Structures are given as C-alpha cells and as structure tokens.
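A, B, ... follow the sequence lines: proteins, then strands. Residue 1 opens every chain. Keep in mind that this is a model prediction, so the values were computed, not measured.
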Number of protein chains: 4
Amino acid sequence: MGIHERKIREKEERRRQIMEAAKLVFSAKGFNRATMEEIAGEAELSPGTLYLYFKNKEELHTSLSIDILKYLTRQIRDYVDERNMSPEAKIYALRDAFINVYEYDAMVLINLFHLQAGETLKNLSGEVLQQIKEASGDALGAITSIVQEGIDQGVFVDKHPVALADIIWATYSGVVLWVDSKRLLNNEKDFVKQTLETAFDLIVAGLRNL
Amino acid sequence: MGIHERKIREKEERRRQIMEAAKLVFSAKGFNRATMEEIAGEAELSPGTLYLYFKNKEELHTSLSIDILKYLTRQIRDYVDERNMSPEAKIYALRDAFINVYEYDAMVLINLFHLQAGETLKNLSGEVLQQIKEASGDALGAITSIVQEGIDQGVFVDKHPVALADIIWATYSGVVLWVDSKRLLNNEKDFVKQTLETAFDLIVAGLRNL
Amino acid sequence: MGIHERKIREKEERRRQIMEAAKLVFSAKGFNRATMEEIAGEAELSPGTLYLYFKNKEELHTSLSIDILKYLTRQIRDYVDERNMSPEAKIYALRDAFINVYEYDAMVLINLFHLQAGETLKNLSGEVLQQIKEASGDALGAITSIVQEGIDQGVFVDKHPVALADIIWATYSGVVLWVDSKRLLNNEKDFVKQTLETAFDLIVAGLRNL
Amino acid sequence: MGIHERKIREKEERRRQIMEAAKLVFSAKGFNRATMEEIAGEAELSPGTLYLYFKNKEELHTSLSIDILKYLTRQIRDYVDERNMSPEAKIYALRDAFINVYEYDAMVLINLFHLQAGETLKNLSGEVLQQIKEASGDALGAITSIVQEGIDQGVFVDKHPVALADIIWATYSGVVLWVDSKRLLNNEKDFVKQTLETAFDLIVAGLRNL
DNA sequence: AATGAATGAGTTTTCATTCAT
DNA sequence: AATGAATGAAAACTCATTCAT
C-alpha cells in the first residue's frame, strides 16, 4: 500500500470519527442545540478541524442522513434483486430490511426522519438538497420496484405504485418517529420492531385483499 | 353584554390574532428561524405585547399544536359517539376527520407533527410537555376506542388496540410529513388527501382481513 | 372637615399606601429588580395609578429615602435642642437616635444607604438629587452642631467638626450596610444595635481622649 | 520559555486587558448601565470574546472585587506578619494599607463596597457568592488578628475582637462610600485620606482608652 | 494537517412609561 | 381618579465560522 492510499484511508477514518461524534451529539441535542464545539470535543478534535472535512454544520448533519439512506437502499436492493421470491415475501423482506436498518443505527435513522420532517429541510443549501433528493429517490425507487412487481403479477391491488411506496415509506417513518416521541413523552420502552411487524401485516393484507 | 364580558372577548380575540400571525410565520420559517419580532409585525403589534399573552416563544408555538390536537380530538369524538355506524365505517369516518383537519389547517398540523417528531420535544418545559402529553393522549384514546369497538364486535383483527391506534396515528403523521417533505424536495403538489385515502383502504382491508 | 380636606387626606393616604408597598418590594428585590408592576400589585393598585402620585420609579424610590432622612433629622434635632445635656451625652443620644431610626424602619434606612452608596445616585435627575442633597445636608448639619458644641466647650478634640460629623455618619452607614451584608452572606443575625453601641463607645472615647 | 507558557501568559494578559476595560466602564456607569458591548469596545475586542474569559457580566464584575479584596488581604497580612510592631502601630499600619489600596485603585474599591452594600449581592450566583465570602472572610480575619493581638497584650479594650474588626471595616467602607457620594452630590474633592486618618485617630484612641 | 482564539451578527425578553377608556 | 393594555427600546449572550500560527 503506497503512501497515497494510506493518506486517503486516514482521511476517511477521520471523517468517520467526526460523523460518529456528530451522531451522538445530534441525537442527544437535536440539530439546533448541538454545537460544533461539542461535536469537536466528542471527536477529540478542534472545531476548526471539522471544517476541513465538512463544509459546514448542515453538511455534517446531512451526511449522516445520506449515509443511512444509502445503507437502506443497498439493503432493499439486495432483496429486490433476489429473483426467487414472491412479491409478498419481498414486502416482508422489505420490512426486515427496515427493522435491520433501525436496529443497525436507530439514532441516525431518527435523525434522517427528523431532517425530513423538520424545518431543517427548508434551510438546506441547493447542493445538499440535491444529494438528499437523490438518495431518498433511490430508496423510494427500490420500494416502488417491489410494489410494481406485485402489481404486475396481479398479486397486489392495482393502484399507482408510487403512491403505495409513499404509504409504505410514510408508515415506516411515522412509526419510527411516533414511537420515539412516545418514548420521550411517556418513558415507554422502544417497540418499533413490534409496531412495524403489525403495521406490515396490515399493509400486506391490504395490498393483497383490498 | 357587560363590560367584563367584552374585555374577555377582546382578550381572546387578541390571542387569536397573535396565534394567526404565529401560524403564518412558523409555517414559513420553522420554529427556529421564526422571530418574535416578525410575528409581532405580522400581528401588527409590538414584540412586548406578545409576552402579555404568551409566556415565551415556545409556549406560543405549542399553543398552536395543542389547539389543533384538541380540534382533532373533538372531531374524532363526534364520530365515535355516533352510535349507528359499523366500526369499519367509523375508521373511514376517522379518515375523513383526519382529512378535514388537514384541510382545515394543514400548516398547523404539519407544525404539530414537526413538534412531535423534532428536537423541540427535547427542549420543552415540563408544564408544556404535560399539556401536549394530555392532548395527544386524548386523541390517541379516541382512536383506540374505535379500534376497540371493532375488535369487540369481532370485525377487526384481534391485536392490541393501542398498537393498532399507534399505527393509524403513525401513518397519519407519516403521510402528512412525508408528502410535505416531497412537496419541498420536488415541488410536487399536495396529495395528502389521496394518499390518506389509499392508506386507509389498506388499513381497513388489513384490519378486516388479516 | 370639608370635602376638600378629605380629598387631600385621601390623597396623602394613597401616597403612603404606595410607599409602603414600594418599601417592601425595593427591600426584597433592590432598585433594579423591583418592578413598578409588582409594587402596584403589592399596593393593590394598577401600574398607571402609581404615576399619578410619583413622577417615575426613581422618584418613588427616593421619596422613601427623603422620608427617613427627614425623620432622622427630626430625631436628632430633638436631642440637640435639649439644652441640659453634656456634648458627650448628646453623642450618646445621637447614637440612640440612630438606633431608634434603624429599629423604626431598618428596610428604608438600608434603602437610603444603598441609594447613597450605589450607582443609582449617578443616574438621579437634578431635581431629585437636589432634594436628597438638602435632606442629607440637614441631617449632617444636625450632627455637626453637636460636635461643634463639644469642641466649643473644650470637651471634644479640636478637629474640623464637619470631618468628625462625616466620620460619625460614615460609621453609621458603614455599620448598617456591613451588618446587613454579613446577614445576607452568612445568615448571621442582625447585630446593628450592639455594633453601633461599641462603635460609639470608641467614637466618644476618641472624641474625648485623642 | 516554552510555547505553552507563552500561551498561558497571553491568556492571562487578555484577562487583565478585559478587567482593565471593565474597571473603567463599571466605574463610569455602574454595574447596570455598563454594557458588555461598551466594555468590549474599550478592550478593543468583540463582545463574544469577553465570554471566553468570563462566564457572564456578573462574574466579570465580581472578579474585580475579588481581586482588590485579595490585594487588600495581602497588604494587611504583610503588616501583621511583621513582628516588631506594637498593636497600636499595627492599627496605624492597617490604616495605611487601607489608604494605599484606596489610592492604588479607588474605583475598584468603591465598586467592591457598592457590591457589598448593594442589591447586587442579592442576585449573585451561589458560586460567586462563595468566592466573595471567602475573600472578605480573609480580609476580616487579618484585621481581627491585629485586634486580637492588641487585646492579648492588654493594650486594647477587651471587647469581642470580631465586633471591633467589623467596626473598623464598616468605618473603612462607610468613609470610602460616603466621601464618594459627597463628591457626587456636592462636587467636593476627594478627602478619603484625611477622613480615614482622623477616623483612625478616633479608633485608636478609643481602642486604647475606652 | 491541525489548532483554537477571536469574531460579530442575530434574537429573546423585560419593563418603565403612556394614554385611551 | 383609576385603569391596564400596549409600547418599543435596550442588552446579554450564543455559536457557526474563519484564519493566523
């Protein structure tokens, strides 16, 4: 491995280190109350260094979301590309992908939906907005494909597949956020998994039997 | 009408006037970028006056949410209390209540879900938190009653009614937020109504046929 | 008693009522943290009414001080005008006047010395400044007379009587403020009386024996 | 000198620079009318920078007082520790320490007594209150030692030494404040030194001859 | 590459005072 | 005379970002 590769690798590591710190701080404080100084402290770096790796606070925040979106898309694609599955089984596989991603990094996923739901979106710079748009377009596209397949095979109700994908996505984000908020409001335990399972039973029954 | 009643009425009117202005500004800018000065300007009042009616910015913001939650609860209760309806029809009525409320004041509803989803919740004072908790407890309770009735009559799938109510609520908020975010991201038009209709078809089919 | 006299009497009563409330609030909060609204509340009047009796907050505060200064001056003069006392006895009588005034209304006296010591003095309007100047000039004058008499009779050390009066006054205010501050800092009990007694023993011994 | 020492030294210098500016502004305007912006301007720094060195306005103000209290305590201790002096001479030395400190920095000393006398004390945070308490405890303790020594040697009147120290301190602060206030009220010149000299003649005579 | 001290724009909130009723 | 709603100026403090070292 040449010196050049090592440099690149080190740089990537440093990026990770910052994102890891940012994840913790954003999760604990939310976007606005999180300070770059605290993130820097958490990453054991100085504030100035953060700006060598991320253009600004917003971009740092968004990178977390883009990351998880890409991870989610990869997971979904894996299932979609597997040929020998019924559309119905694929929806359940989608559900498992959702649950996996949630369990892989709940904090970042919640961050993503906060971003999607919140005022932050309004204030995003065009460039970053574009990135988010693409990444979420990919994820939605993957879901749409599954639904489309089911419709094509006559197994699913014949509605506009994009609308159905929207509903699936909305249910996913809605459940994650709502359970998180109930956790905060009532100190309830985390029951995202169970809720998603029931939700998908409903969805599948609906898709099939409508 | 005595002088006392008129005073009270005027005071109430002034409160409304401020909330109306706040609604516009919070919707346009989000909580953080909205300034009390701008709200005051919109209400054609001085900044100081706002503080005669609301303890602080947070409380002003939250009263909007509590208001819409109460309005929503009233709407739902109206349907629940009507006896001659099948549970299934009640779910559709619930859907219509949701759509009504959305169409009555989309901006405030989105605000509510932003609040519920967002970091704001973390920073709310105990007292206000309690109010929100109660108001959303009421709404959820109303939904749970409907579901319970359906289960009791053997029409709906026999799952924990609170979990089902959670899913309905999560779908509602998820759809509203997601469509809003697609509108922002892709300049798409508002299709909350259609999406909710399809979503409830799925939900009802699910509740019935599971 | 005519209607006119009653009106005047009522007016005077209302002034008292306000000053009584102001005393409590200024003592509890200090000049800056005390609000006109709180004083009004304490007096069971509306804020606007205060301005019918006092030009502004400052004047209301200062009236308290002028009042106690006048009361103090009257007390001192009573002793000075009594002929059959040795200068030494008069100094002790002065001490008793000081103690009396302190016990009569410690809060207002402390207020006076705060005013005298504090930044408030810098910001007083010319007119009010003049009033304070006169009132404290009167009190100091009375003290000076006593000292002068002692010097004239050859009983007291022959120093500039104004300087000696200053020292007596400074000791009085210093003791009152310092004991008050020790009370606040260390939750000690009020020992102004004892301290003043010892202080005057020292002063008298000094005036005589120097 | 290493780079680390230089940094520390620079930091200390910056602190001084801010305190110097604060001293000027607080003296001219008093605590409340002084603004952080003006202090920053005087120090040729930006407002934000002040907050890197002092938690808030109050702490900046109090550090001035704590500084002068420590300086005063050091001065007094110097005299107390000198063995070959009569208690009486020590009291005169104390007087000179008082005068020295006054002449060294009258403005800050007046500020200290304002703080001690004023409403500020009521609003101090616990931590700062503690610091002030300790610093003034030290100063009072040093004075008490001197008095104690005189009592032990039978030269001074046998009264409670703490009470005597209180009187000395009260006289000091009373004289400084009263002369300052006469200066403000009557445009008189500064005669703290003379007044303190006379005051201490009285005190010493009193301590000895009572 | 990393630092971290300095910046300074931006916002909430308070409260003495006024004035229409 | 009394009210009390409305005013609006004023100031502390925060924090993303820069840049000299």
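Ranking F/dT3, E/dT13, F/dA16 by closeness to the C/L52 side chain, first place goes to F/dT3. Of the candidates E/dT3, E/dT12, E/dA16, the closest approach to any side-chain atom of A/L45 belongs to E/dT3. Listed candidates were F/dT7, F/dT17, F/dT3. Nearest to the side chain of B/S46 is F/dT7. Closest to the B/M36 side chain, of the nucleotides E/dT17, F/dA12, E/dT13, is E/dT13.
Within 4.0 Å of B/A40, counting heavy atoms only, lies no atom of the nucleic acid at all. Among the protein residues, D/L50 comes within range of no part of the nucleic acid, since none of its heavy atoms lies under 4.0 Å from any strand.
For DNA chain E, none of the residues of residues 10-27 of chain C falls under the heavy-atom distance limit of 4.0 Å.
Looking at A/K57, its side chain does come within 3.5 Å of a backbone N or O of A/F31 through a donor-acceptor pair. Checking side-chain atoms of C/E59 against main-chain N and O of C/F54 turns up no donor-acceptor pair under 3.5 Å.
With 3.5 Å as the limit, one finds no donor-acceptor pair spanning the side chains of C/T62 and C/S65.
Map B/T35 and A/E44 each onto its nearest nucleotide of DNA chain E; the residue landing nearer the 5' end is A/E44.
In this structure, CD of A/E38 is placed 10 Å from P of F/dC15, rounded to the nearest angstrom. Atom-to-atom, CG of A/N56 to C1' of F/dC15 comes out at 14 Å; the value is rounded to the nearest Å. Taking atom CD of residue B/E59 and atom C1' of nucleotide E/dT12, one finds them 15 Å apart after rounding to whole Å. Whole-Å rounding puts the A/K29 NZ to F/dT14 P distance at 13 Å. Atom CZ in C/F31 sits roughly 8 Å away from atom P in E/dA16 (whole-Å rounding). Following rounding to the nearest Å, C/F54 (CZ) and F/dA2 (C1') show an atom-to-atom distance of 16 Å.
Taking a 6.0 Å sphere around CD of C/E44, one finds it holds 12 or fewer heavy atoms contributed by other residues, nucleotides or ligands.
Between C/K23 and C/E20, at least one side-chain nitrogen of the basic residue sits less than 4.0 Å from a carboxylate oxygen of the acidic one, meeting the salt-bridge criterion. Using a cutoff of 4.0 Å between basic side-chain nitrogens and carboxylate oxygens, D/R15 and D/D67 are not scored as salt-bridged.
The two residues B/E37 and B/P47 have their closest heavy-atom pair at CG-CG, 4.5 Å. D/I39 and D/I18 get closest at one heavy-atom pair: CG2-O, 4.3 Å.
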Which pairs, protein N/O on one side and nucleotides 18-21 of chain F N/O on the other, fall under 3.5 Å?
none

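For the pair B/Y53 and F/dA5, the criterion of a side-chain N or O lying under 4.0 Å from OP1 or OP2 is not met. Taking only side-chain nitrogens and oxygens, B/T49 comes nearer than 4.0 Å to OP1 or OP2 of F/dT7.
Consecutive pairing runs in DNA chain F reach the stem threshold at E:2-21 with F:2-21, where a stem means at least three Watson-Crick or G-U wobble pairs with distances under 3.5 Å.
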